[in-house]
Amino acid sequence: MKNIKYIFTILILFCFLGSCTKSDKNYAKASFEAMDTWMTIQCWGKDCENAISIAREEVTSLEKLMSTTKEDSHIKSLNQKSENTLLSDQNSVVENLPPDLLPLIDFSLQMAETTKGAFNPCLYPVTRTWGFTTGTYKIPDENLIKEKLVYTDYEKIKFDDEKIILPAGMMFDFGGIGKGYTGDKIIQILKNHGAEYGILDLGGNVQAFGTKNDGSPWKIGIKNPVDEGIIAGLSINEGAVITSGGYERFFTGDDGKKYIHIMDSFSGYPVNNGLVSVTIIAESGAYADSLSTALFVMGIEEAVNFWKNNTDQFFDFILMKQISSDSEEIKLEIIYSDSLKDKIQILETSCVEEIKIITK
Ligand code: ADP
Ligand code: MG
């Protein structure tokens with residue numbers, strides 16, 4: 001009898017431990033609004049709910065650091081100081097920066113250098129003039145744009161581990177890199193807190209990490225830039241799939257033309273080169289996000305050359321250009337890098353006129 005009792009107790013203990021391990025390795029999901037968009041985080045592993053709640057706190061604190069519009073944001077206040085400094089005829093703002101902001105500024109300026117200014121995190125004086133940050137859109141006077149472009153020369157910014165020297169009138173806008181940078185931070189936090197694999201959707205920017213239990217790849221859809229739904233599907237193991245779309249934020253001017261929120265850094269005008277969507281697939285979110293904006297600005301030819309000559313981090317691209325066929329139907333030309341060949345599937349072929357695969 002004593003033996004039976006003993007075995008029974010061990011069995012109960014075993015079941016209890018078993019269920020503990022099972023519930024320990026869980027799944028959690030959270031959707032919330034942040035950085036002017038909807039975000040969804042899903043992860044699998046140990047204690048995922050806790051991991052996600054810590055990641056959400058990080059999103060809130062990053063938004064407080066880098067937003068150009070939030071009242072209590074660090075960048076908003078730095079931009080304001082820079083403007084006031086200009087108005088009071090002084091040369092520059094010298095400011096100590098919170099340690100969390102330095103890597104973002106550092107990497108953004110590196111990407112500006114790498115893309116020869118196609119990605120420029122200092123375009124705020126210009127984007128603001130067009131009303132893209134406030135939603136009160138207008139076509140600015142040509143001279144005003146030229147005047148504002150003077151304050152976008154990122155090479156003039158100096159900084160070290162502690163402080164930044166920002167020439168008066170210069171202002172940051174991390175809209176082209178912020179969500180990718182945030183995605184990288186979220187993944188680091190999730191991993192540090194026990195997540196084994198997971199996927200984030202930060203307003204259409206998708207980042208996946210780890211290998212699923214069944215070993216199958218992550219399936220990621222690319223939005224159709226000229227219609228509803230998904231135009232292509234991608235199967236990837238892990239990494240960032242980040243799209244800049246001309247369809248995301250734009251306005252139609254009094255002249256009947258469409259003006260999109262991605263700026264040609266050199267002219268100060270919204271990009272108008274036929275591209276409607278640029279997707280970058282890379283390991284890092286910040287890298288993919290800044291490149292999606294940069295390649296959009298470059299246009300097809302320059303973008304393809306940039307990819308061919310790139311000796312930096314590895315990346316793949318999908319460029320979509322709008323072309324009008326004879327019947328005036330909207331048709332697309334899709335151009336992608338060859339290592340995507342076995343990973344991409346075009347799902348909506350009716351609006352695709354041509355597909356080009358680029359090799360190095
Ligand atoms: P989305 O916001 O649709 O994800 P992007 O990543 O391309 O697309 O970011 C666009 C945002 O980046 C704009 O709203 C603006 O804040 C900023 N931006 C616009 N043009 C540039 C540029 N040439 N370089 C860097 N940032 C830019
Ligand atoms: Mg971007």
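Both ligands and their constituent atoms are indexed starting at 1 by order of listing.
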- Note on the structure: atom 6 (O) of ligand 1: closest protein heavy atom, distance to 0.1 Å, is D289 OD1, 3.0 Å
- Message: I'd like to know if A118 contacts ligand 1, where contact means a heavy-atom distance under 4.0 Å to any ligand atom.
- Response: yes
- Note on the structure: Of L123, T243, N120, the one whose closest heavy atom lies nearest atom 25 (C) of ligand 1 is N120
- Query: Listing residue and atom name, which protein N/O/S atoms are closer to the Mg ion (ligand 2) than 2.8 Å?
  - Reply: G176 O, D289 O, D289 OD1, T293 OG1
- Message: When you measure from the heavy atoms of F119 to every atom of ligand 1, does any distance fall below 4.0 Å?
- Response: yes
- Query: Is W130 reaching over with its side chain to a backbone N or O of G268, donor-acceptor style, under 3.5 angstrom?
  - Reply: yes
- Of all protein heavy atoms, the one nearest atom 7 (O) of ligand 1 is S244 OG, 2.6 Å
- Contact list for residues 252-266, test salt bridge (charged side-chain N to carboxylate O under 4.0 Å, His left out), sequence neighbours left out: none
- d(Y336 OH, I346 CD1) to nearest 0.5 Å is 6.0 Å
- Task: Could you check atom 14 (O) of ligand 1 against the protein and tell me its nearest heavy-atom contact, residue, atom and distance included?
- Result: H261 CD2, 3.1 Å
- Item | Heavy atom of the protein closest to atom 27 (C) of ligand 1 (residue, atom name, distance) | T293 CG2, 3.9 Å
- Query: Have D316 and S337 got a donor and an acceptor in their side chains that come within less than 3.5 Å?
  - Reply: yes
